[in-house]
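A quick note: this is a predicted structure, and the numbers were derived from the prediction, not measured.
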Amino acid sequence: MVKICCIGAGYVGGPTMAVIALKCPSIEVAVVDISVARITAWNSDELPIYEPGLDDVVKQCRGKNLFFSTEVEKHVSEADIIFVSVNTPTKTRGLGAGKAADLTYWESAARMIADVSKSDKIVVEKSTVPVKTAEAIEKILTHNSKGINYQILSNPEFLAEGTAIQDLFHPDRVLIGGRDTPEGQKAIQTLKKVYAHWVPEDRIICTNLWSAELSKLAANAFLAQRISSVNAMSALCEATGADVTQVSNAVGKDSRIGPKFLNASVGFGGSCFQKDILNLVYICECNGLPEVASYWKQVIKVNDYQKSRFVNRMVSSMFNTVSGKKIAVLGFAFKKDTGDTRETPAIDVCKGLLGDNAHLSIYDPQVTQEQIQRDLSMEKFDWDHPTHLQPMSPYGVKQVNVVSDAHEATKDAHGLCILTEWDEFKTLDFKRIYDNMQKPAFVFDGRNVVDASKLREIGFIVYSIGKPLDAWLKDMPAVA
């Protein structure tokens with residue numbers, strides 16, 4: 001029986017291995033992690049991450065050919081194929097700080113593999129890593145090989161949170177990069193056979209190592225670029241009276257462009273977009289391409305601008321101060337159908353409001369109070385380290401109250417902002433909300449999920465990103 005071990009039981013490792021176990025009943029799959037709490041959760045009825053469909057997949061396979069364990073060295077030693085899905089945070093100090101990926105956890109995993117291996121291994125990069133990581137890992141393994149042969153493959157993930165299980169069941173493509181040697185090609189075919197259990201062969205793309213690594217960064221950079229492009233247009237729409245939804249619809253009808261990732265919003269978030277672009281910027285700079293680096297840097301700049309523009313619009317509309325005012329924040333996850341808050345725009349928006357001494361009442365159907373307090377207490381880039389290494393304020397943020405429903409969040413609030421496009425926010429009883437808010441009552445829709453005209457009929461002053469401004473907002477323009 002082929003044995004697979006995945007180091008790292010997070011958002012990538014857990015779901016990916018669960019689907020491999022489901023689709024390949026003849027393969028034994030072990031997911032290992034040093035976090036006892038995380039592995040305990042994977043073995044319980046309350047999984048550590050929320051993802052539609054994940055529960056069913058795990059329950060079908062767990063205990064049969066899918067195992068979650070803290071016995072890292074045992075399973076690594078026994079495995080034929082080792083997926084490495086550990087954190088690759090952005091460096092916060094030293095060479096490349098603020099841009100380069102920190103490969104501390106990757107290097108540690110590679111050295112451990114070399115220490116415990118007694119048979120030949122295929123080692124697969126699954127976490128997002130900078131180009132040429134495979135070469136570095138290869139050097140560590142070959143210099144510590146003790147006669148054991150290692151083949152390094154790059155198999156980047158292209159999962160979108162909220163649809164990860166469907167993405168795994170029906171991927172646009174599976175990308176496998178390896179060495180152009182007989183041994184490298186054999187390793188590629190071995191991994192290809194695993195995916196071929198359910199993925200059509202024409203969707204399994206085989207490349208060299210560097211192309212596979214760079215394709216992941218490029219894909220995320222292109223997607224983030226589309227969001228920043230439409231968000232830049234949203235600012236121009238507000239200034240001119242155009243409607244960004246209508247502009248996006250017209251642009252998206254062009255078959256060369258297409259309609260996806262053209263929704264204006266308060267900004268993009270998630271664990272990959274910003275990190276991967278910063279990584280790309282660093283690689284460009286290291287390879288003597290400052291103009292290319294500057295181009296990609298601008299995608300991040302526009303994203304930061306969109307978040308600060310939203311906060312400025314809120315503060316200026318509410319008589320140029322939110323000090324001491326209750327603001328309801330609906331949604332904290334970076335998108336709907338996930339509890340993930342990594343790089344969520346909500347963090348920067350909330351910190352911007354707290355900077356003006358606002359009191360926040362936050363509701364999100366999938367994000368815990370502990371997670372929200374943790375996110376608002378952390379410094380930039382700290383989120384991407386294992387939980388036990390993340391600094392945490394013992395007191396939390398005093399001006400933040402996390403509540404269990406939207407109506408409680410909005411009671412006596414001066415304004416409410418929508419930062420995640422949860423479906424339930426479209427059908428809230430806004431008449432009841434209006435009656436229980438301070439007047440004038442403001443709605444700042446960062447996801448364009450509500451019907452602004454209906455809310456204005458109720459009595460709200462409404463700001464929707466990229467939409468024509470009502471008279472109140474025109475009289476109180478946002479200050480940059």
Side-chain angles (χ1 to χ4, degrees), residues 160-163 223-224 226-235 237-238 242-249 252 259-270 273-274 302-314 317 327-350 352-353 360-367 372 375 406 409-410 413 415-428 430 433 441-456 460-470 473 478:
E161 283 171 55
T163 59
L223 292 173
R226 282 175 73 95
I227 298 170
S228 281
S229 294
V230 76
N231 282 343
M233 285 296 164
S234 74
C237 286
E238 290 168 30
D243 184 326
V244 73
T245 307
Q246 295 173 359
V247 172
S248 294
N249 183 52
K260 292 184 177 178
F261 279 76
L262 287 180
N263 293 324
S265 70
V266 67
F268 60 71
F273 280 2
Q274 175 161 297
V302 170
N303 195 50
D304 290 339
Y305 164 72
Q306 189 76 341
K307 290 179 282 190
S308 62
R309 194 170 75 80
F310 188 80
V311 173
N312 290 341
R313 180 70 76 184
M314 289 182 70
S317 301
I327 308 292
V329 176
L330 302 186
F332 198 84
F334 83 91
K335 62 189 260 192
K336 73 173 185 176
D337 293 333
T338 178
D340 196 355
T341 62
R342 293 177 290 179
E343 293 284 9
T344 175
I347 293 173
D348 286 335
V349 171
C350 288
L353 295 170
L360 306 183
S361 186
I362 303 174
Y363 165 68
D364 188 288
Q366 285 296 334
V367 185
I372 289 170
D375 287 332
T410 54
L416 73 88
C417 60
I418 300 172
L419 301 181
T420 312
E421 70 281 20
W422 287 104
D423 291 337
E424 68 181 81
F425 298 157
K426 298 174 187 175
T427 55
L428 293 172
F430 280 102
I433 287 171
F442 297 87
V443 172
F444 301 93
D445 186 357
R447 296 287 181 171
N448 286 339
V449 297
V450 299
D451 185 330
S453 58
K454 284 185 179 173
L455 264 58
R456 288 188 182 111
F460 285 106
I461 294 159
V462 183
Y463 166 66
S464 296
I465 283 205
K467 303 287 185 129
L469 301 176
D470 61 26
L473 297 164

Does [Y] offer a backbone N or O that forms a donor-acceptor pair with the side chain of [X] under 3.5 Å?
X    : Y    : answer
S234 : V244 : no
R447 : L419 : yes
N448 : I465 : yes
R226 : K260 : yes
K335 : E161 : yes
D348 : K307 : no

*Considering residues at least two apart in sequence or located in another chain, which fulfil the side chain to side chain donor-acceptor pair (under 3.5 Å) criterion with D470?*
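R456.
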
*Which word best sums up how the rings of F310 and F444 line up, parallel for under 30°, tilted for 30 to 60°, or perpendicular for over 60°?*
perpendicular

_Donor-acceptor side-chain pairing of E421 and S265 below 3.5 angstrom_ =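 No.
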
*Listed by chain and number, what are the salt bridge (Lys or Arg N to Asp or Glu O under 4.0 Å) partners of K467, not counting sequence neighbours?*
D243

Would a 4.5 Å heavy-atom cut-off, applied to side chains only, mark [X] and [Y] as touching?
X    : Y    : value
Y463 : S317 : no
V450 : F425 : no
V367 : T344 : no
F268 : S228 : yes
P345 : Q306 : no
M314 : F442 : no
L469 : R313 : yes

_ring-ring contact (aromatic ring centres under 6.0 Å, His included) partners for F332, two or more places apart_ =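 Checked F332 against ring-ring contact (aromatic ring centres under 6.0 Å, His included); zero matches.
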
